[in-house]
Asker: 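Please read through the structure below; I'll follow up with questions.
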Number of protein chains: 2
Amino acid sequence: MADVEKRYRSIIKKLQDNKHKLTPQRLAIVRILAGSAGHPNIEHIYGQLRGDFPTMSLATVYRNVMLLKSLGEVLELGFTDGSNRYDGNKPYPHPHVICYQCKKIIDPSLATLKDLTHEVAEQTGFRILTHRLDFFGICEACHNK
Amino acid sequence: MADVEKRYRSIIKKLQDNKHKLTPQRLAIVRILAGSAGHPNIEHIYGQLRGDFPTMSLATVYRNVMLLKSLGEVLELGFTDGSNRYDGNKPYPHPHVICYQCKKIIDPSLATLKDLTHEVAEQTGFRILTHRLDFFGICEACHNK
DNA sequence: TTTGCTGCAAATAGTTTGCAGAGAC
DNA sequence: GTCTCTGCAAACTATTTGCAGCAAA
């Protein structure tokens with residue numbers, strides 16, 4: 001079973017376990033987020049669904065993404081410029097690399113992060129619950145343009 | 001000379017070098033940001049200045065903070081919940097530790113970050129220009145309450 | 001049948017902008 | 001004297017909310 005399909009089913013199960021109804025709109029939003037390699041934003045999700053649901057409202061997208069976030073099934077990446085991006089494929093904290101130009105977001109794999117969290121906790125006395133690590137720059141494609 | 005005083009003068013110089021006028025409001029905003037150990041937000045700065053400048057407008061704070069940010073003299077920390085915090089004391093990227101409860105922000109000192117940036121660049125082909133690393137949790141004081 | 005969900009429209013909140021007068025240089 | 005800056009108020013934009021009807025279970 002593909003990774004995306006697995007995520008889709010796992011989110012659906014979480015919804016059912018928490019007594020949320022499975023409306024067509026909700027399922028469509030979950031489907032997009034489960035495979036959200038591109039880290040879509042609200043408008044993006046909305047745009048993808050307008051074809052299938054011409055009367056769909058932005059508010060519905062907001063409400064569902066927020067619901068999934070509150071269930072821990074979607075990771076929200078808020079940015080300083082006000083743009084928000086969502087990741088329903090890997091809903092746990094992980095580093096991102098963001099291209100300033102094309103806004104592409106990539107997930108690099110880094111090993112050393114757990115150590116850092118531990119180091120920070122020791123040093124500050126905080127109980128660390130989560131973290132966020134983003135790198136910003138220009139991707140290879142944009143650089144070669 | 002105290003670190004804060006040094007920062008203050010350095011920002012003033014940058015303003016003058018770029019032909020910006022030194023109004024009392026602007027100087028007061030710079031003074032707060034130069035010693036911004038507490039990582040204030042716009043409202044915070046505004047609140048601190050209302051005593052000295054009863055007619056001061058929020059827009060003036062926004063405009064000046066934005067100006068200083070564009071000059072590279074202030075680091076903006078935007079958060080998902082829409083709150084923005086500013087650091088004019090250390091305007092370059094550095095990690096932060098944020099308390100969910102009291103909203104306190106601390107600067108830990110971590111050594112391994114440069115390596116990470118390099119690793120990410122190698123792995124993704126990006127030219128990394130900046131980064132952001134935040135840890136979220138509960139500080140010792142809040143935890144003991 | 002019940003309860004939660006959707007779409008619409010209005011409300012909200014944080015931030016930005018246009019403009020006329022004030023003030024730095 | 002010139003030109004930028006400020007304060008005010010209005011504009012803007014992304015997001016949230018109230019409500020009535022609709023649909024999942």
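We name chains A, B, ... by the order of the sequence lines, and we start the count at 1 in each one.
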Asker: Roughly, in whole Å, what's the span from CZ in A:Arg50 to P in C:dT6?
Answerer: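 So the two atoms are 16 Å apart, to the nearest Å.
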
Asker: Of the listed nucleotides (C:dG7, C:dT16, C:dT15), which one gets closest to any side-chain atom of B:Met66?
Answerer: C:dT16

Asker: Check the phosphate of D:dC5 against B:His20, side-chain N and O only, distance under 4.0 Å to OP1 or OP2. Yes or no?
Answerer: yes

Asker: For the residue pair A:His131 and B:Phe135, categorise the inter-ring angle as parallel (less than 30°), tilted (30 to 60°) or perpendicular (more than 60°).
Answerer: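 It falls in the tilted class, 30° to 60°.
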
Asker: Please report, rounded to the nearest Å, how far the P atom of D:dA14 is from the CD1 atom of A:Ile45.
Answerer: 15 Å

Asker: Is it true that A:Asp17 and A:Lys13 make a salt bridge, defined as a side-chain N closer than 4.0 Å to a carboxylate O?
Answerer: yes

Asker: Any side-chain N or O of A:Asn41 under 4.0 Å from OP1/OP2 of D:dA14?
Answerer: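 No, no such contact exists.
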
Asker: Please state how far atom CG in B:Asn64 lies from atom P in C:dT16, giving the value in whole angstrom units.
Answerer: 13 Å

Asker: Looking at A:Thr55, I'd like to know whether one of its side-chain N or O atoms comes within less than 4.0 Å of OP1 or OP2 on C:dG7.
Answerer: yes

Asker: In this structure, how many angstroms lie between the C1' atom of D:dA24 and the CG atom of A:Leu67, rounded?
Answerer: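 It works out to 15 Å between those atoms.
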
Asker: Which whole-number value in Å describes the distance from A:Tyr86 OH to D:dT15 C1'?
Answerer: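 Roughly 9 Å, once rounded to whole Å.
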
Asker: Less than 4.0 angstrom from a charged side-chain N to a carboxylate O is my criterion; do B:Arg132 and B:Asp134 meet it?
Answerer: yes

Asker: Any base atoms under 4.0 Å from A:Leu22, or only sugar-phosphate, or nothing? Heavy atoms, all strands.
Answerer: sugar-phosphate

Asker: Once you measure the plane-to-plane angle for B:Phe79 and B:Phe136, does it fall in the parallel (<30°), tilted (30-60°) or perpendicular (>60°) bin?
Answerer: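 Perpendicular, since the angle between the ring planes exceeds 60°.
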
Asker: Tell me which nucleotide among C:dC5, C:dC8, D:dG7 gets nearest to the side chain of B:Met56.
Answerer: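 Side chain of B:Met56 sits closest to D:dG7.
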
Asker: Looking only at side-chain N and O atoms, does B:Thr23 come under 4.0 Å of OP1 or OP2 in D:dC5?
Answerer: no

Asker: Can a side chain N or O of B:Gln25 be found less than 4.0 Å away from OP1 or OP2 on C:dG23?
Answerer: no

Asker: Tell me whether B:Lys14 at atom NZ has more than 12 heavy atoms from other residues, nucleotides or ligands lying less than 6.0 Å away.
Answerer: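 Check passes, neighbour count above 12.
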
Asker: Take the protein atom CZ of B:Phe79 and the nucleotide atom P of C:dT15, then report the distance between them rounded to whole Å.
Answerer: 13 Å

Asker: Rounded to the Å, how far apart are B:Tyr46 OH and D:dT6 P?
Answerer: 14 Å

Asker: Centre-to-centre under 6.0 Å for B:His44 and B:Tyr46, is that the case here?
Answerer: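 When the ring centroids of B:His44 and B:Tyr46 are compared, they turn out to be at least 6.0 Å apart.
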
Asker: Return no unless some side-chain N or O of B:Arg26 is found under 4.0 Å from OP1 or OP2 of D:dC5.
Answerer: yes

Asker: Quick check for you: among D:dA25, D:dC5, D:dG7, whose closest atom lies nearest to any side-chain atom of A:Lys21?
Answerer: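 Output: D:dA25.
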
Asker: Check whether the side chain of B:Arg63 and the base of D:dG7 form a donor-acceptor pair under 3.5 Å.
Answerer: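 Under the 3.5 Å cut-off, the side chain and the base do form a donor-acceptor pair.
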
Asker: Looking only at the side chain of A:Thr60 (C-beta and beyond, no hydrogens), which of the listed nucleotides C:dC5, D:dC8, C:dG7 gets closest?
Answerer: C:dG7

Asker: If you check every side-chain atom of B:Tyr62, which of C:dC8, C:dT15, C:dC25 has the closest atom?
Answerer: C:dT15

Asker: Atom CG of A:Asp81 and atom P of D:dT13: how far apart are they, to the nearest Å?
Answerer: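 The answer, rounded to whole Å, is 15 Å.
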
Asker: If you look at every strand shown and take non-hydrogen atoms under 4.0 Å, does B:Pro54 touch a base, only sugar-phosphate, or nothing?
Answerer: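 No contact.
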
